[in-house]
Amino acid sequence: MAAAASNLQIATLRHCQLQSRKGLKPCGTTVSSRSKASSWAKLSSSSNISSSPFFYRKFVSSSGKNEKTVTKAMAEASDSKPVSGLSIDLRGKRAFIAGVADDNGYGWAIAKSLAAAGAEILVGTWVPALNIFESSFRRGKFDESRVLPDGSLMEIAKVYPLDAVFDSPEDVPEDIKTNKRYAGSSNWTVKEVAESVKQDFGSIDILVHSLANGPEVTKPLLETSRNGYLAALSASSYSYISLLKHFVPIINPGGSSLSLTYIASERIIPGYGGGMSSAKAALESDTRVLAFEAGRKHKIRVNTISAGPLRSRAAKAIGFIDMMIDYSSANAPLQKELSAEEVGNAAAFLASPLASAITGAVIYVDNGLNAMGVGVDSPMFKDLDIPTDKH
């Protein structure tokens, strides 16, 4: 591609405190291609590889808790020669992320990575949380979290009220219609939101489902009521079918759709109850079927990311998220705390042309915990020489 193109760099950023939310600055170390040009030229001449490297990585020995790896989309003017290397270039693309209600969940992180790659961002926010989210955004409470790798702030083109439990206005019961938390909002069912996005923007290229709710998530499955079980499936899995069904007419061919799942779909996670494990299993099964149907009919790819535990507000509802994070850090092949940015980066890749042949897949972003058959922190392994990060 001639002209300006968005290139992907990998930067390892050490956590730093910003002086103030109004004086935002990017922090960390970026390995640039210019500073490494000389050494790379020597390496390439002796190794018969490209003289224009694209990816550089700086490795730092650490426990991993205070480091983040983020995608960095950078515009480089190049009128005289093509841009070398691979790039995640989502400029000119538009993404709708359903389920963003604060700045510390996976939905927000995905929005940031897509924005860093150049995509225009639209979000759907649960109606009762809409006023708080919009107010916090306007007053600058999210400014620190909005900082993109190039120092600019992520912009959200529009925030739509959304309750993905209801497909159309006819599905909304009277008690919800008259609920004070829904007062002042309109056109928030899935069908209405899709119609509003079409009216406002015409089409989208990326659809992200970052929604889940289990009203009885703390109950063992044997104690879960029928209503609680069905509510979990409705909010956490069928909502994805509904979103794709209503948005697919406005998703451009070659587009991508993503959801978020969890390993409880295939492994026993005590405490993750209320039908939520069943809902995630359904979501993964639906991903495969939707990939076939949406792929054949609309040339749209459908994937899901199985993310590791994150210390988000939503996850705290389970009640033992800190324990799950500690367990993962102790037992996963990569002994570090998973960051939301890492999931966001995976989503940006899956939404990009680089993943043009990937569909119907469950992509694990969990430091490899899914590969483990036993917990190596068990006393039974105390006599084995298992490498452990002591920090």
Side-chain angles (χ1 to χ4, degrees), residues 86 88-90 93-100 106-107 109-111 113-114 117 119 122 124 162 164-165 167 190-191 193-194 197-198 203-212 232-267 275-308 342-366 370-371:
L86 298 175
I88 291 183
D89 185 358
L90 297 178
K93 305 296 184 182
R94 183 176 296 116
F96 181 88
I97 300 98
V100 179
Y106 283 136
I110 291 172
S113 288
L114 295 177
L122 315 175
L162 171 67
V165 168
D167 301 325
V190 177
K191 179 181 179 181
V193 172
V197 172
K198 180 180 180 180
S203 65
I204 64 172
D205 304 278
I206 302 162
L207 176 66
V208 179
H209 176 277
S210 180
L211 300 164
L233 265 71
S234 174
S236 308
S237 53
Y238 184 79
S239 58
Y240 186 40
I241 298 174
S242 180
L243 274 172
L244 197 52
K245 173 184 176 181
H246 289 93
F247 273 86
V248 77
I250 65 170
I251 300 178
N252 293 318
S256 173
S257 182
L258 299 167
S259 65
L260 290 168
T261 185
Y262 182 50
I263 199 172
S265 63
E266 54 185 294
R267 299 285 187 270
M276 281 303 301
S277 57
S278 306
K280 293 302 184 183
L283 181 65
E284 293 179 16
S285 178
D286 293 341
T287 294
R288 291 183 283 272
V289 178
L290 293 171
F292 174 77
E293 295 180 358
R296 288 296 182 97
K297 295 179 181 179
H298 306 283
K299 295 182 173 59
I300 295 169
R301 296 180 294 108
V302 182
N303 294 291
T304 188
I305 294 175
S306 184
E342 289 170 308
V343 173
N345 295 345
F349 162 72
L350 289 172
S352 78
L354 295 180
S356 60
I358 301 175
T359 192
V362 177
I363 305 298
Y364 296 95
V365 185
D366 61 356
N370 71 91

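Only a predicted model underlies this, so the values are computations on that prediction, with no experimental measurement involved.
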Verify side chain to side chain contact (heavy atoms under 4.5 Å, CB included) between Val193 and Phe247, making sure each step is shown before the conclusion.
-> CA-CA 9 Å; Val193 172; Phe247 273 86; 4.0 Å; yes
Please round to the nearest 0.5 Å and tell me the distance separating atom [atom1] of [X] and atom [atom2] of [Y].
X      : Y      : atom1 : atom2 : value
Met276 : Ser236 : CE    : OG    : 3.5 Å
Ile300 : Leu244 : CD1   : CG    : 6.5 Å
Ile250 : Arg94  : CD1   : CZ    : 9.0 Å
Leu290 : Lys245 : CG    : NZ    : 12.0 Å
Ile204 : Phe96  : CD1   : CZ    : 7.5 Å
Leu260 : Ile363 : CG    : CD1   : 12.5 Å

Using the side-chain hydrogen bond (donor to acceptor under 3.5 Å, both in side chains) rule, collect all pairs that involve residues 292-303, keeping only residues at least two apart or in two chains.
-> none
All pairs passing side-chain hydrogen bond (donor to acceptor under 3.5 Å, both in side chains) where residues 251-261 contributes a residue, at least two apart = Ser203-Asn252, Asp205-Asn252, Tyr240-Ser257, Ser259-Thr304, Thr261-Glu284
Minimum heavy-atom separation for [X] and [Y], please, with both atom names.
X      : Y      : answer
Leu114 : Ala348 : CD2-CA, 3.8 Å
Ala351 : Leu90  : O-CD2, 3.9 Å
Gly275 : Leu233 : O-CD1, 3.8 Å
Val165 : Ala235 : CG2-CB, 3.9 Å

Test side-chain hydrogen bond (donor to acceptor under 3.5 Å, both in side chains) applied to [X] - qualifying residues, sequence neighbours left out:
X      : value
Asp286 : none
Tyr238 : none
Ser278 : Tyr229

Sequence neighbours excluded, the answer for side chain to side chain contact (heavy atoms under 4.5 Å, CB included) partners of Ala346 is Ile305, Val365
For [Y], does its backbone N or O pair with a side-chain atom of [X] as donor and acceptor, under 3.5 Å?
X      : Y      : value
Ser242 : Ser239 : no
Ser265 : Tyr262 : yes
Ser285 : Ala281 : no
Thr287 : Gly360 : no

Dump the intermediate steps for side chain to side chain contact (heavy atoms under 4.5 Å, CB included) on Leu243 and Leu211, then the final yes or no.
-> CA-CA 11 Å; Leu243 274 172; Leu211 300 164; 4.1 Å; yes
Trace of the side chain to side chain contact (heavy atoms under 4.5 Å, CB included) decision for Asp167 with His246 = CA-CA 9 Å; Asp167 301 325; His246 289 93; 4.2 Å; yes
Any side-chain heavy-atom pair from Phe349 and Ile88 closer than 4.5 angstrom?
-> yes
